[in-house]
Amino acid sequence: MQETDPILADLNPQQLQAVTCGNGPIIVFAGAGSGKTRVLTRRIAYLVERNGISPFRILAVTFTNKAAEEMRDRVEHILGRDLKGMWVSTFHSACARILRMDGDRIGIPRNFVIYDEDDQLTLIKILMKQIGAEEKNFDPRLVRMLFDQAKNKNEDIRSMADGILKSLHKRWYLQLCDLYDQEMHKASATDFGDLITKTAALLETNDEIRAAYRQRFNYILVDEFQDTNLAQYSLLKLLVNADQNLFVVGDDDQSIYHWRGANLANILNFEKDFTNAAKIVLGQNYRSSAVILDAAQAVVRHNRSRSDKSLFTTNKGGEKIKAYVADDEYDEARFAIREASDLIERRGVLPKNIAIFYRTNAQSRVIEEECVTSNLRYAVVGGLRFYERKEIKDIVAYCRLAINPDDSIAARRIINTPLRGIGAATEDRIQQYAALNGISFLSAAISIQEQGGFAKGLQNKIHQFLSMIGILSESAKSLKPSLLLKEILQKTGYEAFLSESKKIEDQTRLENINELLNAVYNFEKSFPEATIEDYLASISLMSDQDYFDPKNGAINMMTIHCAKGLEFDCVFIVGMEEGLFPHVRSLSSPQEIEEERRICYVAMTRARHHLFLSCARARRTFGNFRSNPPSRFLSEIPSSHLIRIGQVDSDEAFNDASQSDSFSRFKNKSIVGQRKTTYGEERISYGIEDLWPGRRVNHPVFGEGIVMHVEGRGEHLRVVIRFDVGGVKTVLAKFAKLEPL
DNA sequence: GACCATTTATTTTTT
DNA sequence: ATAAATGGTC
């Protein structure tokens, strides 16, 4: 009977134990690929179906919104019904929701906004200007970082003043703390950190509210527990009731967010705080080949602060890990793309099952260029996020201002966007007035206007601006999100401004705005009841992975942090060099090196069958060449598991498998002059041979024209075209789907 | 206040 | 190398 049981089928004894374990605190140590998600979803299904727990009593916390959505889908699929009332979300989303409902108890109005990193920084810069602290002497980003660190620990931001800050900086910092809190309060704004700490404060100070949530969430499940921070852990403890039905899943080897306040001590503390906790270890890896698993564990075993454990698999050996030492980053990109194409064309791998990982976002560019030249479809996960684009932030700022006139950061952002002749001097004047009278930016503008404080020409412009915002605020009260957005595009003149522009990038911006409209339509379809506030909250809490859509024919590119929780048949890890991975910033601290090593472990264990590692002998950083030795992590992989491909210098003793310390295998030889590389210069061009001056082409937007000039290469291939209608324009071949006629 | 030329920072990782 | 910030001129 058990084979067909959708809740208990195909579970190994430990998984079964975790799924069916009785009430009380439970900690599951789930190694990479050990079926953690399966255990979580089955556990929820088990609670609901077998223990008769109402979905309404369950809170499941995941690391991304996407993971949350997937988890809900899976449980609903197992049970064959909707689980309305069950909360599955990230810490941040859950807190935003709680504050939206009950934040008024601690002075947070229903229409509060969430300031992102950018908004925070803008505010800090304004405040620094106000107190006369010079950015040259005192980096606003340091202030932001200190705020963040304090909030991650659920401490007052003022507590960070002691320690690293010196007299003057300390004075400035303390002033900024007060002003920041004041301004955030005035603007009805919270930052990411506030979402957690304010929710904790709400529960802590309000017995009634705390009791209500404790009663409601009788079962709490937390995924990726190793990456929770102290504030989140405090919140959990406030939320958990006397039954202590807290089920956490984590793996200390996969803790890669220490810099964001994640605290491995939480795992230790859990066992201290909940001494009666059941402990379950999932030790079988179902994902990777034995070779890959073995290699990854060999690497992570070099960490000293780590609980000794090992994963096993019944998977057969598998292919060796392939290593390539490239000449430079372009050669490396050619290697990866060539191998990826080979996997697709010759071995029938679907592009969506291939991923290229890198340590830093900046590395994606060269690889993207190579994809373009090789005509290989790709998708970058993360990087410059959609909602961080200027045009999107502008439109979102109008939305924010429409629902919350006190949002001064939003007001300042768009008062002269599109250009309406209200310049920096005027802006400063309003800001000063606002600071002096302790009112918001918009109120200050209204005040000055009422007193007739603006010069004649200006007065008219300000009047128009203010009445427009007034109309939008009214609209925000009654219109659906999509209609409000449309009205904003029209009434602000933003749409007209862009479509009248001749610049090609403004055309792209217009496309992005249409994309935004689409996103809003989809949101309305999924949540017909949702308000504009809900939409704004949802977008500010989006994670990079939330945009990840593997259902297309493109290979995937992302940072390793972004790859957390994902898996692929074939994985490339590029830039395996000292100084890049492990990153320079970690080199001086053993703890940080160990975190880098865990990042490497996470990256390697994403792979099912094929793993490719590469490094470059030299690469350009900040415009000049640098030569990095191969990453220490390469030499921590047993040489029996590695095979080096591509051209090998005869003096690089590579075939000597007897070497156990294999670091020397990767030692750099000085490069003299130009060398032909295995992954040479010949390229499948992006139609460059099809585009020559004088040729007639068709552009999907601008119509037909004649090519005047072709310049650049790869991603930067630009084509100057004289269009039959509309004159001469320069377009990027990457975006413009040009069709030779 | 717009438009240019020059200078400066950028690269960890992100909810 | 390149994008953003700054500064000077009209």
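In this text, all values refer to a predicted model and were calculated from it rather than measured experimentally. Letters go in sequence order (proteins before strands), and every chain restarts at 1.
The distance from atom CD1 of A/I256 to atom C1' of B/dT15 is 13 Å, rounded to the nearest whole Å. Atom CG of A/D118 is separated from atom P of C/dA4 by 11 Å (rounded to the nearest Å). A/R260 places its CZ atom 9 Å from the P atom of B/dT14, with the value rounded to the nearest Å. When rounded to the nearest whole Å, the span between NZ of A/K390 and P of C/dA4 equals 11 Å. At whole-Å resolution of the value, OH in A/Y233 and C1' in B/dT15 are 21 Å apart. One atom, CZ of A/F625, and another, P of C/dA1, lie 9 Å apart when rounded to the nearest Å. For the pair A/H561 NE2 and B/dT11 C1', the computed distance is 14 Å after rounding to whole Å. If you take CD of A/Q591 and P of B/dT13, they are 22 Å apart, rounded to a whole angstrom.
Remark: A/F112 pairs with no residue by the ring-ring contact (aromatic ring centres under 6.0 Å, His included) rule, at least two apart or across chains. Remark: A/Q431 engages A/R412 in a side-chain hydrogen bond (donor to acceptor under 3.5 Å, both in side chains) (not counting sequence neighbours). Evaluation of the side-chain hydrogen bond (donor to acceptor under 3.5 Å, both in side chains) rule for A/S614 yields A/E332 as partners, not counting sequence neighbours. Taking A/Y494 as the reference, nothing meets the ring-ring contact (aromatic ring centres under 6.0 Å, His included) condition, with sequence neighbours excluded. Looking at residues two or more places apart in sequence or on another chain, you find a ring-ring contact (aromatic ring centres under 6.0 Å, His included) between A/F270 and A/F225, A/F274. For A/D534, the side-chain hydrogen bond (donor to acceptor under 3.5 Å, both in side chains) partners are A/T531, not counting sequence neighbours.
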Worksheet item: In dot-bracket notation, what is the pairing pattern of DNA chain B, taking Watson-Crick (N1-N3 plus N6-O4 or O6-N4) and G-U wobble (N1-O2 and O6-N3) contacts under 3.5 Å, with [ ] crossing and | for other strands?
Response: ||||||||||.....
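A donor-acceptor distance shorter than 3.5 angstrom exists from the side chain of A/Q232 to the backbone of A/N229, with no hydrogens or angles considered.
For A/T90, counting side-chain heavy atoms from C-beta on, the closest listed nucleotide (B/dT15, B/dT13, B/dT11) is B/dT15. Among the nucleotides C/dA1, B/dT15, B/dT11, the one closest to the side chain of A/R620 is C/dA1. Out of B/dT15, B/dT11, C/dA1, the shortest distance to the side chain of A/H92 is found at B/dT15.
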Close N/O contacts between protein and nucleotides 1-4 of chain B (under 3.5 Å):
| unit_1 | atom_1 | unit_2 | atom_2 | d |
| --- | --- | --- | --- | --- |
| B/dG1 | OP1 | A/G421 | O | 2.9 |
| B/dG1 | OP1 | A/G423 | N | 2.5 |
| B/dG1 | OP2 | A/G423 | N | 3.1 |
| B/dG1 | OP2 | A/A424 | N | 3.4 |

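Applying the salt bridge (Lys or Arg N to Asp or Glu O under 4.0 Å) test to every pair with at least one member in residues 226-237 of chain A, sequence neighbours left out, gives these pairs: A/D227-A/K564, A/K237-A/D273.
In this structure, the aromatic ring of A/W259 is positioned over the six-membered ring of the base of B/dT13, centres within 5.5 Å and planes within 30°.
Contacts of A/F581 with the nucleic acid, taken as non-hydrogen atoms under 4.0 Å apart, are absent.
There is no side-chain donor-acceptor pair under 3.5 Å between A/S586 and A/E595.
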